[in-house]
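Working notes, beginning with the structure itself.
Sequential numbering from 1 along the given sequence is applied to the chain's residues.
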Amino acid sequence: MASAVGVIFSNIHDENIPELSRHRTMASIPFGGRYRLIDFALSNMVNSGITTVGIVTKHNYQSLIDHLGSGKDWDLARKDGGIILLPPFSDETDTPYTNRLEALKGITGFLNRRKEDYVVLSDCDGVARVDIADIIRYHEEKNADITLVYHEETEVDSAYFLSLSPDESGRIKEIQINPTIGDRANVYINIMVLNREFLINIIKGAIAHGLSSFGRDVLSKNVDSLKLYGYKFNGYYAGVKSLQKYYQHSMELLDK
């Protein structure tokens with residue numbers, strides 16, 4: 001597999017379940033009695049051979065630090081690479097980021113120092129066992145600029161989501177933001193793969209043009225100019241989009 005570095009956003013979806021994220025990050029919310037939500041994103045990356053993972057923090061991350069420790073539980077206690085906590089400040093100001101694009105602007109130094117070919121971006125709002133290595137192979141086969149992972153759903157309980165419309169080859173022809181769901185929708189599950197240098201150029205362009213939204217300004221508005229591909233994930237996916245969904249998916253664990 002081509003070399004890749006992982007980036008996990010620990011706070012992006014705190015507002016999904018404010019009842020539980022008042023004093024901790026979304027990433028450190030327990031699931032299944034013994035796990036935290038970040039465990040799934042971390043394990044997906046490590047099981048696919050990724051040995052350097054940057055954790056983008058913002059606030060209330062003491063419990064996350066306590067849980068991660070040195071990273072030895074994921075074989076990430078390393079002198080070179082391993083788990084790297086990234087501070088919650090953007091390049092331009094000393095205030096925490098307010099959206100994903102600002103968070104990415106704040107980690108350009110980290111991205112510039114890395115040597116890997118690809119970057120895997122992942123959030124902590126979903127429970128799934130995803131083969132990242134297979135997504136990277138798909139990304140290379142399609143010679144894609146960005147590969148977005150999606151899951152077919154019939155009901156979406158989220159204030160903000162992206163619906164993808166890929167053609168037969170997998171190339172995305174349209175991205176809708178918060179559309180009205182009919183029978184089913186291809187919902188982006190907040191995992192993407194892209195070339196590291198390409199991502200750095202996207203961030204530079206966003207800074208130069210004052211862009212504020214990655215989903216709207218980078219993805220949705222550039223469907224025709226960028227080679228965006230969708231990777232369909234057919235396995236079990238539990239999106240933690242609300243307290244009700246968190247409870248529902250927790251109860252699903254009782255069904256062997």
Side-chain angles (χ1 to χ4, degrees), residues 1 3-17 20-21 24-58 60-61 63-78 81-86 88 100 103-104 107 110-111 114 116 118-136 139 146-151 158 161-162 187-194 196 199 214 231 233 235-241 245-246 249-250 253:
M1 185 186 81
S3 60
V5 59
V7 173
I8 297 176
F9 298 91
S10 65
N11 287 94
I12 289 287
H13 300 285
D14 285 358
E15 71 280 0
N16 286 3
I17 40 178
L20 300 181
S21 62
R24 68 177 73 217
T25 69
M26 180 85 170
S28 60
I29 289 175
F31 190 82
R34 62 177 295 185
Y35 304 105
R36 306 297 179 102
L37 289 179
I38 195 172
D39 292 353
F40 301 94
L42 266 177
S43 295
N44 288 336
M45 291 183 180
V46 172
N47 292 338
S48 297
I50 296 175
T51 58
T52 300
V53 181
I55 311 292
V56 183
T57 60
K58 186 176 184 182
N60 293 337
Y61 50 87
S63 62
L64 178 62
I65 293 174
D66 294 340
H67 174 65
L68 294 175
S70 65
K72 65 178 181 180
D73 290 342
W74 298 272
D75 192 28
L76 290 176
R78 300 165 179 262
I83 289 178
I84 301 173
L85 290 175
L86 301 172
R100 188 185 305 276
L104 287 168
I107 66 168
F110 167 74
L111 295 173
R114 301 311 307 171
E116 290 85 356
Y118 299 106
V119 179
V120 180
L121 303 180
S122 177
D123 294 352
C124 296
D125 63 330
V127 174
R129 186 171 65 180
V130 182
D131 186 348
I132 301 294
D134 191 54
I135 299 170
I136 293 175
H139 179 82
I146 304 176
T147 296
L148 306 172
V149 182
Y150 67 90
H151 186 256
S158 178
F161 70 97
L162 302 181
V187 178
Y188 169 54
I189 61 174
N190 298 315
I191 300 173
M192 76 168 64
V193 173
L194 64 174
R196 182 179 59 83
L199 175 58
F214 196 91
Y231 177 96
F233 175 67
Y236 173 81
Y237 174 76
V240 183
K241 309 300 183 183
K245 285 293 184 181
Y246 176 74
H249 295 315
S250 295
L253 296 174

Query raised in the report: What class does the angle between the rings of Y237 and H151 fall in, given that below 30° is parallel, 30 to 60° is tilted and above 60° is perpendicular?
Result: tilted
Query raised in the report: Could D123 and R100 be called an ion pair, given the rule that one side-chain N must be under 4.0 Å from one carboxylate O?
Result: yes
Report task. To the nearest 0.5 angstrom, please state how far the CD1 atom of I83 sits from the CD1 atom of I8. Result -> 8.0 Å
Report summary line: Closest non-hydrogen atoms of G32 and L253, given as atom of the first, atom of the second and distance, are CA-CD1, 3.5 Å
Report task. Verify side chain to side chain contact (heavy atoms under 4.5 Å, CB included) between I55 and I38, making sure each step is shown before the conclusion. Result -> CA-CA 10 Å; I55 311 292; I38 195 172; 3.9 Å; yes
Query raised in the report: Between S3 (side chain) and E116 (backbone), is there a donor-acceptor pair under 3.5 Å?
Result: no
Query raised in the report: Mind checking whether D125 and L37 have side chains closer than 4.5 Å, heavy atoms only?
Result: no
Query raised in the report: So, for A133 and S48, which heavy atoms are closest and what is the spacing to 0.1 Å?
Result: N-OG, 3.2 Å
Requested in this report: Could you tell me whether a side-chain N or O of H139 sits under 3.5 Å from a main-chain N or O of L194, the two making a donor and an acceptor?
Outcome: no
Requested in this report: Please say which of I189, I132, V120 ends up in a side chain to side chain contact (heavy atoms under 4.5 Å, CB included) with V149.
Outcome: I189
Query raised in the report: Can you tell me how far the CG atom of D131 sits from the CD1 atom of I136, to the nearest 0.5 Å?
Result: 9.0 Å
Query raised in the report: Would you say R196's side chain and L111's backbone share a donor-acceptor pair under 3.5 angstrom?
Result: yes
Query raised in the report: Closest approach of M26 and C124, non-hydrogen atoms and distance?
Result: CG-O, 3.8 Å
Query raised in the report: How far does CZ of R129 sit from CG of N47, to the nearest 0.5 angstrom?
Result: 8.5 Å
Query - Shortest non-hydrogen separation from A4 to I50 and the atoms involved - result: O-CG2, 3.6 Å
Requested in this report: Go through the steps for V7 and F110 under the test side chain to side chain contact (heavy atoms under 4.5 Å, CB included), then give the verdict.
Outcome: CA-CA 10 Å; V7 173; F110 167 74; 4.1 Å; yes
**Report entry** Any donor-acceptor N/O pair, T147 side chain to M192 backbone, under 3.5 Å
**Finding:** no
Report task. List the steps and the verdict of side chain to side chain contact (heavy atoms under 4.5 Å, CB included) for L148 and L162. Result -> CA-CA 10 Å; L148 306 172; L162 302 181; 5.7 Å; no
Query raised in the report: In this structure, are over 12 heavy atoms from other groups packed under 6.0 Å from Y236 atom OH?
Result: yes
Report summary line: Closest heavy-atom pair, T52 versus V5, reported as atoms and distance to 0.1 Å, is O-CG2, 3.4 Å
Requested in this report: Indicate the atoms forming the closest heavy-atom contact of S10 with T25, along with that distance.
Outcome: O-CB, 3.6 Å
Requested in this report: Any chance you could measure I191, atom CD1, to Y231, atom OH, to the nearest 0.5 Å?
Outcome: 10.0 Å
Query - Aromatic ring pairing F40/F31, orientation class (parallel under 30°, perpendicular over 60°, tilted between) - result: perpendicular
**Report entry** From CA spacing to verdict: side chain to side chain contact (heavy atoms under 4.5 Å, CB included), Y246, I29
**Finding:** CA-CA 10 Å; Y246 176 74; I29 289 175; 3.8 Å; yes
Requested in this report: To the nearest 0.5 angstrom, please state how far the OH atom of Y35 sits from the CG atom of L42.
Outcome: 13.5 Å
